[in-house]
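Written out below as structure tokens is the structure these notes cover.
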2 protein chains.
Amino acid sequence: MLKGDGGRVNPVIGKFERFVRLSPAEHQAIEALAGLPTHRVPARQDLVREGDRPTSVFVILDGWACRWKSLADGRRQILSLLLPGDFCDLHGFLYQEMDHSLGALSRVRAVEIPRQAFARLLASSERINQAMWWSELTSAAIQREWTINLGQRSAFERIAHLLCETFTRLDAIGLTRDGSCEFPLVQQDLADATGLTAVHVNRTLQELRRRGLIRLAERRATILDRPALEELAEFDAAYLYLEVRRR
Amino acid sequence: MLKGDGGRVNPVIGKFERFVRLSPAEHQAIEALAGLPTHRVPARQDLVREGDRPTSVFVILDGWACRWKSLADGRRQILSLLLPGDFCDLHGFLYQEMDHSLGALSRVRAVEIPRQAFARLLASSERINQAMWWSELTSAAIQREWTINLGQRSAFERIAHLLCETFTRLDAIGLTRDGSCEFPLVQQDLADATGLTAVHVNRTLQELRRRGLIRLAERRATILDRPALEELAEFDAAYLYLEVRRR
DNA sequence: CGATGGCTTGAATCGGCTCAAAGCTTGTGG
DNA sequence: CCACAAGCTTTGAGCCGATTCAAGCCATCG
């Protein structure tokens, strides 16, 4: 548990401001989180394990993490991707025991907000409280979309959809450039996220590349033909609620 | 939009009291919801459609509903089951547009809580607010479990798991008797919930029956060998957080 | 009673899996 | 700077779980 350099919690502010306009005081309350202990977790290591008794809420400042859970015989499912600005586990706020694990996919920097401090933050401002609801409801919408992905879409569509969604989420927080973004998942991770095998993911990626839709190499992804990819995946960003403030 | 008979909102109270002990005033605030318009929706009809602009939150008083969404070519996914006491769509509370539909699986009775009234209820009591978070976080946990179901489990395990989960949820609200419960889903619904085809669901159910694990007929399900079914499904009720108050 | 919706069965097919081996990168230590 | 290990990616061949298509059955109901 290394104390970090107290980097700014910008991703959260940027995220919340997509939904509500924060007052200077609210702004400050969130910036203050940067004073809390910062963890640096190396890639492929867990932040929290299933069964742990959480006493705090984590916020990703930097890097990619995921929720995951596995079955007795080793089958593993990645349940969701956690990107900078994401709160991972309000669970810690109310529950006694984690029902899943949190793992780092790349090197991750995260702040740990103790239960009490988190409760105080929520209570301090109606707008922050609302923003937190909005954040959580959006996660729920993403989780539903994954449910459809796994339940109804073909291997092709699943991977295309995952790429569209992830790219769009990154884009919203300013982490893409020229249609390209970091992509720390290896093929086995993609397999665990899409309910396929790594071998089949490999063949599917080849086909996506052959069709000129994507480039995926050296931990980077590039969307070469976004309209075509989104059509293939039947991707509609509406469920991500990226432009809520425009009401 | 028929006005109902103002039946009691008991399922919500029972549910919340699994998590917090409500004061008489809080009790009353929730009972008061029964004064709101009650809808009676016939089986197989939608309460809310994707794209609708929600202005209220629904609570199921009676009967089974589901969230669902379909792809352009007609593939349909049931995203979750909504049972008595469940809030369907806090979405309506914050969002402009439904990203999925709400459908009745059996005859359903539901109250409609206008945005404002819902916000007032949340603001009126810290405990109710917490209970609502708990309710929402539990839904999220269920949705994650469905993600694993669809991503990693075989047809057999999927159906077994769905039965275990649903039975346990019903049990918690007193809607089972002697290992048996209502079960309004037809095989096509089971297929849409588990990401299988109706034909395969049929064959899988036969095998479950042949092994003496379940009975399923005339809109009723009976679990004949619960331990065996739970083991087969690798079902562990922990994620449903049924005994939170015992802290 | 015919129509309708749900359940069951069979046969052929296929998308994705398994197993196995080989090529490629990347990082590490000597 | 090389050598080797470890982890990732790629390829091939055979297989299997689940799908598709099609037909028949059974109950319910206007």
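In what follows, chains carry the letters A, B, and so on, assigned in the order in which the sequence lines appear, proteins first and then strands, with residues in each chain numbered from 1. Values in this document were obtained by computation on a predicted structure and should not be read as measured data. The analysis underlying the following values was restricted to heavy atoms, covering all of them including side chains, and did not include hydrogens, waters or symmetry mates.
Expressed to the nearest 0.5 Å, how far CG of D225(A) lies from CG of L208(A) amounts to 11.5 Å. How far CG of L36(B) is from OG of S56(B): 10.0 Å, rounded to the nearest 0.5 Å.
For W146(B), there are no ring pair (Phe, Tyr, Trp, His ring centres under 6.0 Å) partners at least two apart in sequence or on another chain.
Looking at R107(A) and D62(A), no side-chain N of the basic residue comes within less than 4.0 Å of a carboxylate O on the acidic one, giving no salt bridge. One finds a salt bridge joining E145(A) and K69(B) here, because a Lys/Arg side-chain nitrogen approaches an Asp/Glu carboxylate oxygen to under 4.0 Å. Salt-bridge check for R226(A) with E231(A): failed, with every basic side-chain N at 4.0 Å or more from each acidic carboxylate O. The pair D89(A)-R67(A) meets the salt-bridge criterion, with a side-chain N (NZ, NE, NH1 or NH2) lying under 4.0 Å from an Asp/Glu carboxylate O. Between K15(A) and D86(A) there is a salt bridge, since a side-chain N of the basic residue sits under 4.0 Å from a carboxylate O of the acidic one. A salt bridge links D189(A) and R44(A); the closest N-O separation between the charged side-chain nitrogens and carboxylate oxygens is under 4.0 Å.
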Short heteroatom pairs, N/O only, protein and nucleotides 19-24 of chain D, under 3.5 Å:
residue, atom, partner, partner atom, Å
dT19(D), OP1, T197(B), N, 3.2
dT19(D), OP2, T197(B), N, 3.2
dT19(D), OP2, T197(B), OG1, 2.9
dT20(D), O4, R203(B), NH2, 3.1

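One can place CD of E218(B) at 16 Å from P of dC26(D), the figure rounded to the nearest angstrom. Rounded to whole angstrom, the span from the CG atom of N202(B) across to the P atom of dC25(D) amounts to 16 Å. As rounded to whole Å, 13 Å separates atom P of dG7(D) from atom CD of Q188(A). The interatomic distance linking R219(A) (CZ) with dG7(D) (P) rounds to 13 Å, in whole Å.
Annotation: F58(B) is not in aromatic contact with F87(B) [ring centroid separation under 6.0 Å not met].
Residues S101(A) and D46(A) have side chains that never bring a donor and an acceptor to within less than 3.5 angstrom of each other.
Here the closest non-hydrogen pair linking V201(A) and Q187(A) is CG1-O, 4.0 Å. The minimum heavy-atom distance between L232(B) and A160(B), with the atom names listed, is CD2-CB, 4.1 Å. When every heavy atom of A237(A) is checked against every heavy atom of T168(A), the shortest pair comes out as CB-CG2, 4.2 Å.
A heavy-atom distance below 4.0 Å to DNA chain C is reached by these residues of residues 152-161 of chain A, ordered by number: S154(A), A155(A). Taken residue by residue, residues 72-83 of chain B places no heavy atom nearer than 4.0 Å to DNA chain C.
End-to-end axis angle of the helix from dC1(C)-dG30(D) to dG30(C)-dC1(D), using five pairs per end and rounding to 10°, comes to 40°.
The side-chain contact (heavy atoms from CB on, under 4.5 Å) with E234(A) is formed by just one residue from the set Q152(A), R153(A), E157(A); it is R153(A).
The outermost nucleotides of DNA chain C lying under 4.0 Å from heavy atoms of chain A, listed 5' to 3', are dG16(C) to dC19(C).
The phosphate of dT9(D) has neither OP1 nor OP2 within less than 4.0 Å of any side-chain N or O from Q206(A).
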